[in-house]
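Written out below as structure tokens is the structure these notes cover.
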Amino acid sequence: MNVLVINAGSSSLKYQLLDVDTREVYAKGNCERIGIDGSFVGHEEMGGEKQKLEVALPDHKTAIKYVFDILKTVDKPIGGIGHRVVQGGWYFPESAVVTDETLAQVREVAPLAPLHNYAEADVIEICRDMFPELGNVIVPDTAFHYHMPERAWRYALPRDVVDKYHVRKYGAHGTSHRFIWRTVHELMGDKTHKLVSCHLGSGASLCAIEDGQCMDTTMGLTPLDGLIMGTRTGTVDPATVFYLNRVGGYSIDEIDTMMNKQSGLLAISGVSSDSRDIEDGAAKGDANCQMALDMFYYRTAQLFAEMAASMEGVDTMAFTAGIGENAPEMRAGVANRLAWMGVKIDDEKNAIRSDEPRVISTPDSAITVMVVPTNEEYMIALDVEELLG
């Protein structure tokens with residue numbers, strides 16, 4: 001089956017057309033600045049050059065129509081459409097075929113991820129209207145975490161509040177973590193039972209996976225919790241919000257913006273949210289950049305130990321996503337903080353850049369350390385094939 005995978009944001013839309021059986025990607029691209037001046041489409045086909053097409057994209061419907069028009073040149077029949085949905089809330093313990101009911105549920109849980117779910121629901125509706133002959137599948141980022149033990153997902157809030165407002169740990173990056181488990185288990189077999197998947201990018205989370213089951217993850221009700229990220233605070237004392245509101249005079253919306261878009265590595269370094277810029281700054285002696293790196297290593301290692309504790313052990317560690325796959329210095333910094341657990345990486349192997357999954361630990365390392373490029377689109381396509389095939 002050929003599957004079109006769509007990942008919609010508030011002002012963007014990424015797409016990929018791939019063959020589930022061969023994993024061949026026929027085409028991929030992104031629509032950027034939807035509804036904003038200067039919109040464009042970046043498009044790439046197998047064996048072809050990247051194109052940047054400056055076109056007016058006043059809304060997501062126009063963007064979707066443009067995607068389907070440009071995919072006509074690929075001449076591959078589309079068997080179904082898979083939609084990445086950031087927040088599945090309390091309705092989606094697994095992926096689901098789009099119906100009137102499931103689409104309404106995506107909108108109902110949207111307050112938990114307002115910048116994403118509303119746009120994703122709109123795009124799903126547009127695809128149904130424009131191409132009624134094609135089936136659509138919802139693949140929530142939260143589904144993989146849905147069945148983690150209650151001791152991990154429940155918050156110590158009054159039960160009536162928790163039940164009424166569906167407050168719990170939902171996590172994120174579940175589709176990526178699920179792919180990492182699948183790939184590691186294919187390569188390592190029975191050598192891996194307790195894996196900590198480290199999805200490190202501008203958004204970052206760790207996940208404890210025991211024999212394919214999520215046992216805990218670092219993101220919480222929203223993706224703000226857990227690790228320090230590009231522009232997000234990660235975990236802070238919840239009373240920080242009250243303090244900034246009462247004493248600092250900041251509104252709730254201002255604090256929301258501060259913690260999600262003005263904090264994290266950007267705030268600590270004072271330079272950038274991009275780890276490459278921060279590494280360059282640290283190499284030039286910038287103390288703030290060095291502190292940003294030190295804090296990132298510290299928190300990642302600390303949360304790694306927390307994930308290991310949730311499984312009462314760990315045998316494998318996998319780095320993935322933008323930083324995890326492409327930043328050997330960051331991987332080494334985290335691994336060095338875990339030397340007390342017996343983690344040892346091979347510097348030469350760590351320095352190699354490759355699109356293939358690989359082991360970078362030494363033979364005598366107590367924990368096998370791997371780098372595994374993630375492929376969320378493939379996991380989404382697999383779900384589409386399973387539900388529509």
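What you see below is based on every heavy atom in this structure, not just the backbone, and it leaves out hydrogens, waters and symmetry mates.
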Between [X] and [Y]: side-chain donor-acceptor atoms closer than 3.5 Å:
X      : Y      : result
Ser205 : Thr217 : no
Asn288 : Ser269 : no
Tyr15  : His43  : yes
Ser263 : Thr233 : no
His199 : Ser176 : yes
Ser275 : Glu329 : no
Asp253 : Ser251 : no

For residues [X] and [Y]: do they belong to one hydrophobic cluster (side chain heavy atoms under 4.5 Å, members Ile, Leu, Val, Met, Phe, Trp, Tyr)?
X      : Y      : result
Leu227 : Met330 : yes
Trp181 : Leu382 : yes
Met229 : Tyr298 : no
Ile124 : Leu388 : no
Met130 : Val97  : no

For [X] versus [Y], what's the shortest heavy-atom pair and its separation?
X      : Y      : value
Pro93  : Tyr91  : CD-O, 3.2 Å
Pro328 : Ala351 : CB-CA, 4.3 Å
Gly79  : Leu134 : C-CD2, 4.4 Å
Ser12  : His60  : O-NE2, 3.7 Å
Cys127 : His83  : SG-CE1, 3.8 Å
Leu224 : Met259 : CD1-O, 3.2 Å

Using a strict cut-off of less than 4.0 Å between a Lys/Arg side-chain nitrogen and an Asp/Glu carboxylate oxygen, indicate whether [X] and [Y] qualify as a salt bridge.
X      : Y      : value
Lys65  : Asp69  : yes
Lys284 : Asp286 : no
Asp383 : Arg178 : yes

Establish, for the pair Arg299 and Tyr297, whether the NZ or CZ atom is under 6.0 angstrom from the six-membered ring centre and no further than 45 degrees off its axis. no

Distance under 6.0 Å and angle within 45° of ring axis: Arg182 vs Tyr378: no

Could I get the full list of ring-ring contact (aromatic ring centres under 6.0 Å, His included) partners for His166, not counting sequence neighbours? Trp90

Pairing residues for Phe68 by the ring-ring contact (aromatic ring centres under 6.0 Å, His included) criterion, not counting sequence neighbours: Phe131

Counting distance only, does the side-chain N/O of [X] pair as donor-acceptor with the main-chain N or O of [Y] below 3.5 Å?
X      : Y      : result
Thr142 : Gly88  : yes
Thr183 : Phe179 : yes
Lys14  : Asn7   : no
Glu325 : Ala321 : yes

Under the side chain to side chain contact (heavy atoms under 4.5 Å, CB included) criterion, do Glu254 and Ile252 qualify, and how do the steps go? CA-CA 5 Å; Glu254 287 172 333; Ile252 294 299; over 6 Å; no

Got [X] and [Y] here, is their nearest side-chain heavy-atom distance under 4.5 Å?
X      : Y      : answer
Leu338 : Met317 : yes
Met370 : Thr320 : no
Val67  : Cys31  : yes
Asp274 : Ile278 : no
Val85  : Asp141 : no
Ile268 : Ile228 : yes
Val371 : Lys349 : no
Ile209 : Met215 : no

In Å, rounded to the nearest 0.5 Å, how long is the span from [atom1] of [X] to [atom2] of [Y]?
X      : Y      : atom1 : atom2 : result
Thr218 : Leu303 : OG1   : CG    : 6.0 Å
Asn350 : Ser361 : CG    : OG    : 10.5 Å
Cys289 : Asp294 : SG    : CG    : 11.0 Å
Ile138 : Thr102 : CD1   : OG1   : 4.0 Å
Asp59  : Ser11  : CG    : OG    : 13.0 Å
Phe40  : Ile36  : CZ    : CD1   : 10.5 Å

Pairs flagged by salt bridge (Lys or Arg N to Asp or Glu O under 4.0 Å) wherever [range] is involved - sequence neighbours left out:
range            : answer
residues 115-134 : Asp100-Arg128, Arg107-Asp122, Arg107-Glu125
residues 229-247 : none
residues 314-324 : none

May I ask you to check whether over 12 heavy atoms, not counting those of [X], lie within 6.0 Å of atom [atom1]?
X      : atom1 : value
Glu49  : CD    : no
Tyr243 : OH    : no
Arg276 : CZ    : no
Tyr26  : OH    : yes
Glu150 : CD    : yes

Between His177 and His173, what is the ring plane arrangement, given parallel below 30°, perpendicular above 60°, and tilted in between? perpendicular

Stepwise side chain to side chain contact (heavy atoms under 4.5 Å, CB included) test for Val20 and Val384: CA-CA 9 Å; Val20 179; Val384 174; over 6 Å; no

With sequence neighbours left out, which residue pairs that include part of residues 299-340 fulfil the ring pair (Phe, Tyr, Trp, His ring centres under 6.0 Å) condition? none

Determine whether Leu195 and Val314 satisfy the following criterion, side chain to side chain contact (heavy atoms under 4.5 Å, CB included), listing intermediate values before the conclusion. CA-CA 6 Å; Leu195 165 72; Val314 56; over 6 Å; no

Option from His145, Arg151, Lys169 for which side-chain hydrogen bond (donor to acceptor under 3.5 Å, both in side chains) with Asp216 holds: Lys169

